[in-house]
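Residue numbers begin at 1 in each chain, while the letters A, B, ... track the order of the sequences.
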Protein chains: 2
Amino acid sequence: MSEMSKSILDQMLCFEVYSTEHAFSRLYKTLLAPLGLTYPQFLVMILLWENDDQTVNGIGGQLGLESSTLTPLLKRMEKSGFVRRQRDAEDERRVRVSLTETGDALRHEAKGIGTCVADATGMPGAELKALLLELRKLRNGLATHNLAAE
Amino acid sequence: MSEMSKSILDQMLCFEVYSTEHAFSRLYKTLLAPLGLTYPQFLVMILLWENDDQTVNGIGGQLGLESSTLTPLLKRMEKSGFVRRQRDAEDERRVRVSLTETGDALRHEAKGIGTCVADATGMPGAELKALLLELRKLRNGLATHNLAAE
DNA sequence: TGCGATTTAATCGCGGGCGATTTAATTTGA
DNA sequence: TCAAATTAAATCGCCCGCGATTAAATCGCA
């Protein structure tokens, strides 16, 4: 596959990214179901565990999600009892999202998940790390292009 | 970042895959909108352009999608006039999906898209190819694990 | 032969995901 | 000062994605 055209390469790459994401999603679904979290909800939790009390846009910026996606998602998380949503007193346009006791405690139950997934990949840490960096490069390239188009 | 734990690595990797997929999806959306296709619909078209007249399960197997996802998607594609859906006379359980004239002709209009995306990545072909192989490895690892869990 | 098991799509309900639009709060600047 | 521009979330309609279930056709085997 050395004389492959760029466009065929792209076709295969977009397919790989597409199906790898689905594979991750499926794996996480089974691991997260006992905790009562979905995969995107888990990503939000990771951000909040790292840095509690963030705005909707703040979270959206890090995950690349619009408020039209996040608002209903956060409402479901609120209903599940993991987060609180309250208007910022300083700036009433903003909604601040923060962990409840339950949400904070969930951190410990989620402890083993990462290692479990890393093992499921069947790839050594060094290789995963290299892949991570390549993906970041790719994403930055695409993001730059998406921005330029506006 | 050399003494990173496997679970942190996993967190970052799943995030990268997640957001890279979204970045691809957004880019394709803008490119495909003029053709009247969505990104998953485009993936189906690629399969049919390569190999016309496939069953729902055949397509689903290649894309990793369930009939519960494909049936409505294919119905929308049929309504758009790109494919035909008809019961297989040999085996009435099967539904065969085939290109219409319009769908086949669309192949030419989609010509430039691959190159366009490959350019948008801002990465040289060799690097993309290497990334492709790494992703395939990762996906196969995850898929194997998902199967083993059943 | 005929009946239970299997296979194939379709359906349903729910949770994402986004573009376009709306509403409300804040900022800007004439 | 105060009206226009901007910003933050929310809402709406549509498309995807899956698990669970269903309906129908086929297969397999006693």
*So which one's nearest nucleotide on DNA chain C is more toward 5', A:Tyr39 or A:Glu90?*
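The 5'-side residue here is A:Tyr39.
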*asked:* Assuming nearest nucleotide by heavy-atom distance, tell me which of A:Arg76 and A:Asp91 is located more 5' along DNA chain C.
replied: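 Comparing both residues, the 5'-ward one is A:Arg76.
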*May I ask you to verify whether the side chain of A:Ser68 and the base of C:dG19 hold a donor-acceptor pair under 3.5 Å?*
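Checked by distance alone, the answer is yes.
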*Assess whether one donor atom and one acceptor atom, taken from the side chain of A:Ser67 and the base of D:dA10, lie less than 3.5 Å apart.*
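Yes, a donor-acceptor pair under 3.5 Å.
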*asked:* Which heavy atom of A:Phe24 sits nearest to which heavy atom of B:Asp10, and what is that distance?
replied: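 Smallest interatomic distance, heavy atoms only, reads CE2-OD1, 4.1 Å.
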Report the distance from atom [atom1] of [X] to atom [atom2] of [N], rounded to the nearest whole Å.
X       : N      : atom1 : atom2 : answer
A:Leu70 : D:dA10 : CG    : P     : 9 Å
B:Lys29 : C:dG17 : NZ    : P     : 12 Å
B:Leu73 : C:dT11 : CG    : C1'   : 16 Å
B:Arg93 : D:dT22 : CZ    : C1'   : 16 Å
B:Tyr28 : C:dG19 : OH    : C1'   : 21 Å
B:Asn57 : D:dC18 : CG    : P     : 13 Å
A:Lys75 : C:dG15 : NZ    : C1'   : 15 Å
B:Ile59 : D:dC16 : CD1   : C1'   : 16 Å

*asked:* Measuring from the side chain of A:Thr55 (C-beta onward, heavy atoms only), which nucleotide among D:dA9, D:dA10, C:dA10 has the closest atom?
replied: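 Given the options D:dA9, D:dA10, C:dA10, the side chain of A:Thr55 is closest to D:dA9.
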*Picking from C:dA9, C:dG16, D:dG17, which would you name as closest to the side chain of B:Val95?*
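Among the listed nucleotides, the one closest to the side chain of B:Val95 is C:dA9.
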*Between A:Pro72 and A:Arg94, who's closer to the 5' end of DNA chain D by nearest nucleotide?*
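It is A:Arg94, whose closest nucleotide lies nearer the 5' terminus.
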Which is true for [X] with a 4.0 Å heavy-atom rule: it touches a base, it touches only sugar-phosphate, or it touches nothing?
X       : answer
A:Ser25 : nothing
A:Gly64 : sugar-phosphate
B:Arg96 : nothing

Does [X] put a side-chain nitrogen or oxygen below 4.0 Å from OP1 or OP2 of [N]?
X       : N      : value
B:Arg87 : D:dA25 : no
B:Thr71 : C:dA10 : yes
A:Arg26 : D:dC18 : yes
A:Gln41 : C:dG15 : no

*State whether a side-chain donor-acceptor pair under 3.5 Å links A:Arg139 with B:Ser19.*
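A donor-acceptor contact under 3.5 Å links the two side chains.
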Return yes if some donor-acceptor pair links the side-chain N/O of [X] with the main-chain N/O of [Y] below 3.5 Å, else return no.
X        : Y        : answer
A:Trp49  : A:Gly103 : yes
B:Asp104 : B:Leu99  : no
A:Arg84  : A:Glu78  : no

*Evaluate the ring planes of B:Phe42 and B:Tyr28, with Trp represented by its six-membered ring, and classify them as parallel (under 30°), tilted (30 to 60°) or perpendicular (over 60°).*
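Ring orientation, 0 to 90° scale: tilted.
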